[in-house]
There are 2 protein chains.
Amino acid sequence: MQSAETSLDALLKLDNQFCFALYALSRRVTALYRPLLQELGLTYPQYLVMLVLWEAQGQTSPDEFAGVPVKFVGERLHLDTGTLTPLLKRLEASGLVLRARAQQDEREVRLRLSVAGLQLKEKARVVPLQLICNSGIPPDRLLQLQRELQALLEMTLPDEKATKG
Amino acid sequence: MQSAETSLDALLKLDNQFCFALYALSRRVTALYRPLLQELGLTYPQYLVMLVLWEAQGQTSPDEFAGVPVKFVGERLHLDTGTLTPLLKRLEASGLVLRARAQQDEREVRLRLSVAGLQLKEKARVVPLQLICNSGIPPDRLLQLQRELQALLEMTLPDEKATKG
DNA sequence: GGAAATTATATTGTGCACAACCTAAATGCC
DNA sequence: GGCATTTAGGTTGTGCACAATATAATTTCC
């Protein structure tokens, strides 16, 4: 009878909800990382932060490297300071990261890797390949899915700064 | 020179990590849900639980409905009791869900919807379509992505019960 | 130069996730 | 019946996420 209601009901069914699939797979993949990262003493979000720092520090000569602002990490990972500040304090406490206010702008906290933090990159190098193997997902499917996810992510980003009209 | 190290380094780069794309998009989509669910007084995980209960309760005549075991919800959403117990207590506190031990098996806690919980389904019916509209993602892409995500989810599930060898 | 606005980070509080452990009820097996 | 095992949930503790608010350093604008 009520075909309109029925189709709305169908949308409500859990099986039809792509959002649930996204949520469940995301948690599942994080769970696949967990044993690998445990050997590095990292959680998954901490690993993401380390990726940002490794990538940034690798691009400059070590001596003149001024450090990465917290803001930069936040923009890269789409995380705010409520998440990052305690996470970074834990990374500092475990001796991987150094936090210090910038001299030119005392509002900024700049992040640098300790020697241990830099060395950890060597151990981390095998993680991505390990994960791909453990997941059992064909690499070409991973690559295609990644492209699609990234496109959708950019498509749904909030207007960062609605500049002056 | 070291082409092997270079390709491992490339895998380490954040941009190449499909896992980050998955993680970031999952949080982004949850954020798209947030304002819609706020009007229902639900968080996203609470909404998922309600979906399971609406779906289960709808399949039986109300009087003889014995309720849904916590275990069932956990299996459906891949969540354990450490997550579900406090969440369900919050749903109970907000008057949407009733929790009661089963008589035949006192270990089981069975979940039933209150009248308010059932009524909330009417308000929730518009959520999926609203979300699709708000996201701006073409529905066919959503559908295709959902199928792929679900396939990968099943592919990477841990062996539930490695039955006797 | 000084008040107002902006910016970068920190803090607090709520609600997941998940590991590790605990308890009590049911089941199996003798 | 009675003990070992399994099963269903609960509890505790840690670590994200994120909203709301706070604070101090800069910048803007007059």
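Every value quoted in this text rests on a predicted model; they were computed, and no experiment measured them. Letters A, B, ... mirror the listed sequences (proteins, then strands); counts begin at 1.
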Problem - salt_bridge(B/R90, B/E92) N-O dist < 4.0 Å - result: no
Problem - side chain to side chain donor-acceptor pair (under 3.5 Å) partner of B/D105, the single match among B/R101, B/R107, B/Q103 - result: B/R107
Practice task
Measure from CG on A/L88 to P on C/dA10 and round the result to the nearest Å.
Solution key: 8 Å
Handout entry: Pair B/V52-B/L111, side-chain contact (heavy atoms from CB on, under 4.5 Å): steps then yes or no
Key = CA-CA 11 Å; B/V52 172; B/L111 307 169; over 6 Å; no
Practice task
Side-chain contact test, heavy atoms from C-beta onward, threshold under 4.5 Å: evaluate it for B/R112 versus B/R99 and give yes or no.
Solution key: no
Fill in the blank from the handout: Side-chain atoms of A/D105 come closest, of C/dT9, C/dA25, D/dT26, to D/dT26
Exercise for the section: May I ask you to verify if any side-chain N or O of B/K89 is less than 4.0 angstrom from the OP1 or OP2 atom of D/dT11? Expected result: yes
Completion exercise
In A/L48, A/V49, A/L96, the residue satisfying side-chain contact (heavy atoms from CB on, under 4.5 Å) with A/L42 is A/L96
Problem - 4.5 Å side-chain heavy-atom contact, B/L120 and B/L113 - result: no
Problem - Beyond-backbone contact of A/R141 with B/E148, side-chain heavy atoms, under 4.5 angstrom - result: yes
Exercise for the section: Assign each of A/Q38 and A/R110 to its nearest nucleotide of DNA chain C by heavy atoms, then name whichever residue's nucleotide is nearer the 5' end. Expected result: A/R110
Handout entry: Any A/H78 side-chain heavy atom under 4.5 Å of B/R28 side chain
Key = no
Exercise for the section: Could you state the atom-to-atom distance from CD of A/E106 to P of D/dT26 in whole Å? Expected result: 6 Å
Fill in the blank from the handout: Within residues 93-102 of chain A, the residues having a heavy atom closer than 4.0 Å to DNA chain D are none
Fill in the blank from the handout: With the side chain defined as heavy atoms from C-beta on, B/V109 is closest, among D/dG10, C/dA26, C/dT6, to D/dG10
Distances for protein N/O vs nucleotides 14-18 of chain D N/O pairs under 3.5 angstrom?
residue : atom : partner : partner atom : Å
D/dC16  : OP1  : A/T43   : OG1          : 2.7
D/dC16  : OP2  : A/Q46   : NE2          : 2.9
D/dC16  : OP2  : A/R90   : NE           : 2.7
D/dC16  : OP2  : A/R90   : NH2          : 3.0
D/dC16  : O5'  : A/R90   : NH2          : 3.0
D/dA17  : OP2  : B/Y23   : OH           : 2.4
D/dC18  : OP2  : B/R27   : NH1          : 2.7
D/dC18  : N4   : A/G82   : O            : 3.3

Problem - Donor-acceptor pair (no angle test) under 3.5 Å: A/R107 side chain, C/dT7 base - result: yes
Problem - B/Y23 OH to B/Q17 CD distance, which is reported to the nearest 0.5 Å - result: 13.0 Å
Exercise for the section: Grab the NZ-C1' distance between A/K71 and C/dT6 for me, whole Å please. Expected result: 11 Å
